[in-house]
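These numbers were taken from a predicted model, which means no experiment stands behind them. Residue numbers begin at 1 in each chain, while the letters A, B, ... track the order of the sequences.
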Amino acid sequence: MDKSIRHSRRTHSGGLLNDCNVGEKVTLAGWVNRRRDHGGLIFIDLRDRNGVVQVAADPKNKEAFKIAEKIRDEYVLSVEGEVSLRPEGTENPNLPTGKIEVIASRISVLNVAKTPPFEIVDDLNVDENLRLKYRYLDIRRKPMLDSLKLRHQVVTTVRNFLNDYGFIEVETPFLTKSTPEGARDYLVPSRVHPDHFYALPQSPQLFKQILMVSGIERYYQLARCFRDEDLRADRQPEHTQIDMEMSFVEQDDILSLVEEMMKRVFESLGMNLEIPFERLNYDEAMEKYGSDKPDVRFGMELVDVSKIVINSGFKVFDNVIESGGVVKGINAKGCGKFSRSQIDVLTKFVSVYGAKGLAWIQVTEDGEIKSPISKFFSKETIDSITKTLDANSGDLLLFVADKKEIACESLGQLRLHLAKEMDLIDKTTYKFLWIVDFPMFEYDENEKRHKAHHHPFTSPNEKTISLLDKEPLFVKANAYDLVLNGVEVGGGSIRIHSQDLQRKIFSLLGLSEIDINEKFGFLIEAFQYGAPPHGGIAFGLDRLIMLLAKKDTIRDVMAFPKTQTATCPLTGAPDKVTDKQLRELHIRVK
RNA sequence: GGGGGCGUGGUGUAGCCUGGUUUAACACACUGGCCUGUCAAGCCAGAGAUCGCGGGUUCAAAUCCCGUCGCUCCCGCCA
């Protein structure tokens, strides 16, 4: 007997009963999933965590029947009865418990329930705000329950795996110090220290590195991370990371350990996973897919046609190339019949990503070229373009001419958009991909300074470290992202463990000596006491579960997520507080 | 900060473009009744919305206009 089931009020879980239990007297507890009253016979589908079982109340048992007549959906019941095979012909093959039913000898109502604001059914279509307000009812639904069970399963497997590999789980503070760089912090005012604030951690990054200095060697934590930025379907103000750090390792050690871990996770879910994962360097990913998190479940790769179209006389293309830009294209296979207005929609789509236009060439069914720009090109050029993009009858070639980043990114997004529209993605597969050789820095046009692409604690690649002073944008980082089906599910790096190098990176990021000492002095100081070489990685647990559960948003795999405006419809957070609370915190509002 | 979509009984939608035969319709849920093999039970009857909110146009607004709020998707942002 499952330890999780037996209580004084329950001998069995109704959802787990089957024909092996026939003849047993059982006591069940659960919620009324549905009641079907036949006048002379009442069926109650009793639901618990494991599923639903049919309880039959017969008028022969007057007392139980009388109670069954008054029962409503979502009442909480205790039911005693005997497990019986259903009469022949009345089995329900759609239900795991469909061969049997429980003939009620006693029914008692443990609690009544109001009619819920929405039905407790698997296939629910209601406003998400309502679901969040009544999340406790939403979670009674099987898909939600399944998501939470899946999440638990994955977390358990990960913990077991890391424990097996000698990792120690260490908790790090929620109330910590606000540091520059990175996302906006959630701040917590200090009562004891007027004008001083804690910040909730964006990640345990600094603590886990310090734990390496402490000699923990292998650390992990299922860490809650807080970021006060705008929300998306895959971004919440608080999310959970599987956070790891190891001493005396190199990039390959971490990548292969992670591959083993993912393999184990997939195995625990009954799936096989091929390892090692494919690796792609950042430049190549941008070049071919226009993304640092490409979905490689389908092709439609980006092709650079700058060399073909250069000096062909088409001003728009020539000007872009002359000023250092590129012309890139994709082949939307089978979209050759797209109407002008359909293409207009695509043009609008790429404009969101900064593309100023979308050039196109249609290859019609009879192999004719249809295009507003073909008149600028010689037949040879057209042939060369179609050949390079592997264009056949019925294809649509789409081009963006712009700065390299814009051309790549907008076409990369278009590639994804078209793949979804044309249903090119095999949703049954999981394709992991490592992105490696990230740039160390990127230039922030607004702030007119370099920013760390990954984070300021990432070490530069030895081969490019000599460029730090002269050409920082060409320096590669020892950083790596794990991408699954086009979603960034993890990222990490080999860290800096030398105080001198760390100071240098900070100063390249525009931090003054004073800033460095004030904001990161404790880290630099720690590095002076024998910091081991170390590196690590962190996974977005919510995103990983989202993909495994085949959901479109991480909200569906979190018990109590926030709305897009970072509110909680269930509790009403955030909320005003009393003047007294504010006074104690030395805060004046407005 | 910006752009798109949505907002009509408890829930999901229709109606809106083209204002008036609409007493705001339909399905599910709900309430009562009938019914002993249903499992999306069935049948009969019933209750329930002044159309997110505010303002405007008009003889007349769910419908048109302006503003606003909420939800959502995206851009920016998210080392």
Q.
Using ring centroids (six-membered ring only for Trp), state whether A:Phe43 and A:His38 fall under 6.0 Å.
A. yes

Q. When the C1' atoms of B:G4 and B:U18 are considered, how many whole Å apart are they?
A. 25 Å

Q) How are the rings of A:Phe118 and A:Tyr134 set to each other: parallel, tilted or perpendicular (split at 30° and 60°)? A) perpendicular

Q) Are OP1 or OP2 of B:C71 and a side-chain N or O of A:Thr563 less than 4.0 angstrom apart? A) yes

Q. Between A:Ile120 (CD1) and B:C28 (C1'), how many Å, whole number?
A. 14 Å

Q: Find the distance A:Leu231:CG to B:G76:P and express it as a whole number of Å.
A: 16 Å

Q: With heavy atoms under 4.0 Å as the rule, sort A:Ala233 into base, sugar-phosphate or nothing.
A: sugar-phosphate

Q: Starting at atom CD of A:Gln236, determine the distance to atom P of B:C73, rounded to an integer number of angstrom.
A: 10 Å

Q.
My understanding is that only residues two or more places apart in sequence, or in another chain, count here; which of them pass ring pair (Phe, Tyr, Trp, His ring centres under 6.0 Å) with A:Tyr443?
A. A:His450

Q | Ion pair A:Glu128/A:Lys133, N-O distance below 4.0 Å | A | no

Q. Can you name the residues that form a ring pair (Phe, Tyr, Trp, His ring centres under 6.0 Å) with A:His455, not counting sequence neighbours?
A. A:Phe457

**Q.** Between B:C30 (C1') and A:Ile71 (CD1): distance, integer Å
**A.** 18 Å

Q | A:Phe226 CZ - B:C77 C1' separation (whole Å) | A | 20 Å

**Q.** Set of residues satisfying side chain to side chain contact (heavy atoms under 4.5 Å, CB included) with respect to A:Glu238, sequence neighbours excluded
**A.** A:Arg224, A:Phe226, A:Lys562

Q.
Between A:Asp243 and A:Lys208, does any side-chain N to carboxylate O distance fall below 4.0 Å?
A. yes

Considering only nitrogen or oxygen atoms on both sides, find all protein atoms under 3.5 Å from nucleotides 3-13 of chain B and state each distance.
unit_1	atom_1	unit_2	atom_2	d
B:G10	O2'	A:Pro117	O	2.9
B:G12	OP1	A:Asp127	N	2.8
B:G12	O3'	A:Asn125	ND2	3.3
B:G12	O2'	A:Asn125	ND2	3.3

(Q) Both A:Gly182 and A:Asp230 contact RNA chain B. Taking the nearest nucleotide for each, which residue is further toward the 5' end? (A) A:Asp230

Q.
Does the structure show a Watson-Crick or G-U wobble partner for B:G70, both distances under 3.5 Å? Name it, or say none.
A. B:C6

Q) For B:U38, what is the paired nucleotide under Watson-Crick or G-U wobble rules, both distances under 3.5 Å? A) none

Q. Charged N to carboxylate O below 4.0 Å: is that the case for A:Arg235 and A:Glu229?
A. no

Q: Taking ring pair (Phe, Tyr, Trp, His ring centres under 6.0 Å) as the test, write out the residues that go with A:Tyr289, two or more places apart.
A: none

Q: Using the P atom on both, measure B:G67 against B:U21 and round to a whole Å.
A: 29 Å

(Q) So, OP1 or OP2 of B:C75: does either fall under 4.0 Å of a side-chain N or O from A:Arg232? (A) yes

Q) What's the closest nucleotide to the A:Asn129 side chain, out of B:C78, B:C71, B:U31? A) B:C71

**Q.** G-U wobble or Watson-Crick pairing nucleotide for B:G20 (cut-off 3.5 Å, both distances)
**A.** B:C59

Review item, side-chain donor-acceptor pairs of residues 484-492 of chain A, under 3.5 Å, at least two apart:
unit_1	atom_1	unit_2	atom_2	d
A:Asn485	OD1	A:Lys431	N	2.7
A:Asn485	ND2	A:Thr429	O	3.2

Q: Using atom CD of A:Gln202 as one end and atom C1' of B:C77 as the other, report the distance to the nearest whole Å.
A: 12 Å

Q: Please indicate whether A:Lys114 has more than 12 foreign heavy atoms, meaning atoms of other residues, nucleotides or ligands, lying under 6.0 Å from its NZ.
A: no

Q.
Using a heavy-atom cut-off of 4.0 Å across all strands, would you classify A:Arg72 as base, sugar-phosphate, or nothing?
A. sugar-phosphate

Q. If we take the C1' atom in both B:G20 and B:A61, what is their distance in whole Å?
A. 10 Å

Q) Within less than 4.0 Å of OP1 or OP2 of B:C71, is there a side-chain N or O belonging to A:Arg555? A) no

Q. Rounded to whole angstroms, how far apart are NZ on A:Lys70 and C1' on B:C30?
A. 19 Å

**Q.** Below 4.0 Å: OP1/OP2 of B:C71 and any side-chain N or O of A:Thr565
**A.** yes

Q) Using the C1' atom in both, what is the distance from B:G19 to B:C59, to the nearest Å? A) 12 Å

Q: Please work out whether the ring planes of A:Phe438 and A:His453 are parallel, tilted or perpendicular, with thresholds of 30° and 60°.
A: tilted

Q. Nearest of B:C78, B:C75, B:U72 to any side-chain atom of A:Arg227?
A. B:C78

Show which side-chain atoms of residues 405-413 of chain A pair as donor or acceptor with protein atoms under 3.5 Å away, not counting sequence neighbours.
unit_1	atom_1	unit_2	atom_2	d
A:Ser410	OG	A:Ile406	O	2.7
A:Ser410	OG	A:Ala407	O	3.4

Q. Pairs in or reaching into residues 401-425 of chain A: which pass ring pair (Phe, Tyr, Trp, His ring centres under 6.0 Å), with residues at least two apart or in two chains?
A. A:Phe349-A:His417

**Q.** B:C6 versus B:G15 - spacing of their P atoms, nearest Å
**A.** 12 Å

Q. So what does A:Thr567 touch, heavy atoms closer than 4.0 Å: a base, only the sugar-phosphate, or nothing?
A. sugar-phosphate

Q: May I have the distance from A:Glu405 (atom CD) to B:C75 (atom P), rounded to whole angstrom?
A: 17 Å

Could you list the protein-to-nucleotides 38-42 of chain B atom pairs, N/O on both sides, closer than 3.5 Å?
unit_1	atom_1	unit_2	atom_2	d
B:U38	O4'	A:His38	NE2	3.3
B:U38	O2	A:Arg36	NE	2.6
B:U38	O2	A:Arg36	NH2	3.1
B:U38	O2	A:Gln54	OE1	3.3
B:U38	N3	A:Gln54	OE1	2.7
B:U38	N3	A:Gln54	NE2	3.0
B:U38	O4	A:Gln54	NE2	2.8
B:U38	O4	A:Arg86	NH1	3.1
B:U38	O4	A:Thr90	O	3.4
B:C39	O4'	A:Arg36	NE	3.1
B:C39	O2	A:Gln54	OE1	3.4
B:C39	O2	A:Asn92	ND2	3.2
B:C39	N3	A:Arg86	NH1	2.6
B:C39	N4	A:Arg86	NH1	3.0
B:C39	N4	A:Thr90	O	2.2
B:A40	O3'	A:Arg34	NH1	3.3
B:A41	OP1	A:Arg34	NH1	2.8
B:A41	N6	A:Asp37	O	2.7

Q. Who pairs with A:Tyr186 by ring pair (Phe, Tyr, Trp, His ring centres under 6.0 Å), at least two apart in sequence or on another chain?
A. none

Q. Is there a donor-acceptor pair under 3.5 Å between the side chain of A:Arg47 and the backbone N or O of A:Trp31?
A. no

Q. On a plain distance test, is the side chain of A:Arg235 in donor-acceptor contact with the base of B:C77 below 3.5 Å?
A. yes

Find every protein N or O atom lying less than 3.5 Å from an N or O atom of nucleotides 44-52 of chain B, and list the pairs.
none

Q. What residues in residues 508-519 of chain A put a non-hydrogen atom under 4.0 Å from any atom of RNA chain B?
A. none

